[in-house]
Number of protein chains: 2
Amino acid sequence: MTKPRSRRGGGRPTIADVARKAGVGAITVSRALREPGRVSEDLRRQIQAAVDELGYLPDPNARALASARAEVFGVLVPSLTNSVFAEVLRGIYDSLSDSSYRIQLGNTHYSGLEEERLLQVFGPQRPAALIVAGIDQTPTSRRLLETAGCPVVQVMETGPDPVDMMVGFSHFDGGKAATEHMIEMGYRRIGFIGARMDPRSQRRLAGYRAAMEGAGLFDPRLITTTPVPSSVTLGRELFRDALAKVPRLDGVFCNNDDIALGVLFECHRASIAVPMTIGITGFNDLDMMEVAFPSVTSIRTPRYEIGRLSVAMALAAIAGKRPHEPVVDLGFELKCRESTAR
Amino acid sequence: MTKPRSRRGGGRPTIADVARKAGVGAITVSRALREPGRVSEDLRRQIQAAVDELGYLPDPNARALASARAEVFGVLVPSLTNSVFAEVLRGIYDSLSDSSYRIQLGNTHYSGLEEERLLQVFGPQRPAALIVAGIDQTPTSRRLLETAGCPVVQVMETGPDPVDMMVGFSHFDGGKAATEHMIEMGYRRIGFIGARMDPRSQRRLAGYRAAMEGAGLFDPRLITTTPVPSSVTLGRELFRDALAKVPRLDGVFCNNDDIALGVLFECHRASIAVPMTIGITGFNDLDMMEVAFPSVTSIRTPRYEIGRLSVAMALAAIAGKRPHEPVVDLGFELKCRESTAR
DNA sequence: GAGGCGTATGGTAGCGCTACCCATTACGTG
DNA sequence: CACGTAATGGGTAGCGCTACCATACGCCTC
């Protein structure tokens with residue numbers, strides 16, 4: 001007669017099976033697995049042997065229900081295909097892959113409303129931590145984050161008022177540094193070209209404006225933006241628009257590298273000399289900017305590192321070792337290349 | 001005296017609270033939420049009112065434990081930053097976002113062993129479906145997929161022996177079509193440049209080889225590959241290697257668009273005329289290929305659609321309406337552009 | 001009008017695990 | 001030697017939900 005198995009379990013061994021085989025109580029097995037330090041060496045070995053023999057794997061759903069805490073990191077990004085967030089995600093993933101935490105993905109599509117909806121969905125799951133992109137949550141989202149009952153890390157930017165923790169850099173400073181570099185290199189009629197214009201883009205624009213005003217070069221006609229999602233194609237279109245508005249443009253600071261690449265290709269196509277006639281600066285410093293011809297000046301942003309550090313901070317907070325400084329600015333680096341080397 | 005709340009729940013309303021308020025049994029609330037058709041109109045309204053008033057949200061962990069089924073799609077991709085998989089992921093996400101299914105992400109880093117590990121981790125969670133990239137699972141992975149007890153969709157490729165379902169296209173045919181196009185355009189010493197060389201790249205190479213042999217043009221020295229991960233930078237390096245080996249090269253079929261872009265930039269840098277001296281064909285047809293100067297011929301692959309359809313098929317299977325044809329070939333499209341227009 | 005059958009609702013008993021508290025033992029301490 | 005204290009292990013009682021089965025009731029059939 002075979003052991004009568006439950007209707008649902010599908011025959012998978014449970015903690016009770018392990019306990020029986022090891023000759024201990026179920027709770028001791030649970031402890032041996034989660035807090036090995038609190039179980040004697042002997043029992044721990046015995047239990048491990050039973051676990052291995054049965055091929056026992058704890059049921060994460062039962063665990064989550066009993067402990068009111070799921071081993072899940074909720075991650076909210078505004079886009080899956082924007083390679084900037086893909087790299088943040090990769091950093092998060094890599095830092096989590098030796099732990100037993102899982103990643104649950106949310107794509108806000110740059111929408112505050114969608115972010116609220118996702119936070120509402122994530123809440124009842126009792127995630128171990130939440131990592132969200134950006135610092136401009138709606139009041140509702142902010143309240144949901146504050147009452148989530150778990151560490152929260154806002155990433156990509158820094159600001160004065162974190163929900164809990166923050167890892168990022170100053171987009172304003174990045175935009176300012178890029179623009180000041182171009183001014184320094186002798187460019188005067190420097191356009192700003194930007195797509196999507198999410199809050200981070202807005203701050204880069206503000207940095208651009210500050211630099212231009214500081215040098216007495218600002219002119220609103222130099223700014224060309226659109227709410228349309230960014231793409232290389234769009235970079236070309238916007239550059240044409242910008243040139244139509246200001247034919248004597250001698251440089252462009254692009255909101256991101258996709259746009260910059262579109263501008264570069266259009267310059268080739270229209271036989272506009274880069275960097276002599278037009279200087280180009282991008283933002284983010286994707287791999288290809290260095291390889292492009294001419295190579296393109298850009299602001300290198302620590303995307304992968306932001307992902308890594310956000311997880312490290314969240315894990316520390318879970319372990320009760322909250323970092324002293326809740327807001328970490330990872331900075332950026334200006335990469336000067338041929339596209340602005342007049 | 002306040003209602004004594006449980007030690008753990010944190011005060012969230014439960015199904016019992018809703019049942020009490022609506023004056024029905026808990027099980028009826030559960031049914032009204034999951035199978036509205038099986039509850040009378042009257043009760044359904046009454047229950048919905050109670051749900052709204054209390055702001056009740058079902059606990060997904062309790063649900064998963066009780067039903068031995070989590071509302072989770074496990075998604076396994078080999079890379080998060082490769083924009084090809086990012087778009088598949090976006091397709092999956094978009095198709096799932098109006099349902100209550102969550103996405104749990106796994107990154108195999110192109111490793112069969114890591115894929116096995118992830119499947120082992122995903123198993124105990126009892127996901128509602130699994131979507132995995134590729135069709136070359138290890139025997140262990142295959143067994144894990146077969147015994148997962150849920151619909152499985154292998155994506156990106158098609159093949160004769162699906163674990164369950166497949167959505168993709170033929171990389172062999174894609175490589176062959178690209179190469180044949182170049183031959184037709186008059187190119188003769190066409191190199192193959194490939195990085196990473198995962199199974200899909202291998203099949204594209206096989207397609208290239210078949211086309212070259214068919215035209216009596218094959219020469220193993222024309223092939224330049226590396227196991228190193230693909231990047232634009234690498235495209236430049238490999239192209240230099242290829243030229244060093246075969247100085248009279250008159251075209252290259254690139255394993256993917258990143259490589260193609262690296263080749264294009266290197267041609268600019270070395271003043272090699274494209275398409276006259278060297279023709280270039282890429283693979284995947286990223287947005288930027290059309291904008292590049294000269295625009296780059298590529299094979300357009302239905303990445304987003306693969307993601308969408310894989311979810312649609314999985315959802316149909318969950319609903320018991322398994323598609324008649326378990327393997328769907330979504331094809332590809334050759335985009336002829338300036339880079340091969342001799 | 002007895003029996004059969006389908007439909008709507010509810011009760012009971014878990015799902016597999018852990019929080020909470022208690023029991024046991026070993027080891028000082030005065 | 002009674003008593004505190006710490007370390008170790010276990011029992012009990014859920015976590016919030018749903019599978020399974022029972023029940024009640026109306027309607028049809030012959």
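Protein chains get the first letters and strands the later ones, always in sequence-line order, with residue 1 at the start of each.
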Just how far, in rounded Å, is P of D:dT8 from CD of A:Gln46? 15 Å

Under 4.0 Å between a side-chain N/O of A:Ser30 and OP1 or OP2 of C:dC17, yes or no? no

Between B:Val311 and the options B:Val153, B:Ile103, B:Ile92, B:Ile306, the side-chain contact (heavy atoms from CB on, under 4.5 Å) test singles out B:Ile92

Using the side-chain heavy atoms of A:Ser67, tell me which of these nucleotides is nearest: C:dG10, C:dT18, D:dC17. C:dT18

Between CD1 of B:Ile27 and P of C:dT9 the distance, given in whole Å, is 13 Å

Could you tell me how far apart B:Arg12 (CZ) and D:dC15 (P) are, to the nearest whole angstrom? 15 Å

Ion pair check, A:Arg322 and A:Asp164, cut-off under 4.0 Å: yes

Atom CD of A:Glu71 and atom P of C:dC17 are separated, to the nearest Å, by 13 Å

Send over the distance from B:Ile15 CD1 to C:dG14 C1', rounded to a whole Å. 15 Å

Quick check: closest heavy atoms across A:Pro162 and A:Val327, and the distance to 0.1 Å? CG-CG2, 3.7 Å

Distance check: side-chain N/O of A:Arg34 vs OP1/OP2 of C:dA19, anything under 4.0 Å? yes

Assess whether side chain to side chain donor-acceptor pair (under 3.5 Å) is satisfied between A:Gln154 and A:Gln137, documenting all intermediate values. CA-CA 10 Å; A:Gln154 293 161 288; A:Gln137 281 75 28; 2.9 Å; yes

Gap between atoms CZ and P, on B:Arg126 and D:dA19 respectively (whole Å): 13 Å

Considering only heavy side-chain atoms of B:Ala66, the closest of C:dT18, C:dG10, D:dT18 is D:dT18

By the definition side-chain contact (heavy atoms from CB on, under 4.5 Å), identify the one residue from A:Val163, A:Thr108, A:Leu76, A:Val75 that meets it with A:Val132. A:Leu76

What's A:Arg31 touching, base or sugar-phosphate or nothing? Going by heavy atoms closer than 4.0 Å. base

With sequence neighbours left out, which residue pairs that include part of residues 69-82 of chain B fulfil the side chain to side chain donor-acceptor pair (under 3.5 Å) condition? B:Glu71-B:Ser100, B:Asn82-B:Tyr110

A:Arg69 CZ to D:dC15 P, straight-line distance once rounded to whole Å: 17 Å

Spacing of A:Gln125 atom CD relative to D:dC17 atom C1', expressed in whole Å: 15 Å

Rounded to 10°, tell me the angle between the two end axes of the helix from C:dG1-D:dC30 to C:dG30-D:dC1, each built from five pairs. 40°

Listed nucleotide nearest any side-chain atom of A:Thr28, set C:dC17, C:dT9, D:dG10: D:dG10

Got a second to check how far A:Arg142's CZ is from A:Asp136's CG, nearest 0.5 Å? 10.5 Å

Want to settle it: does B:Ala62 or B:Leu43 sit nearer the 5' end of DNA chain C, counting the closest nucleotide to each? B:Leu43

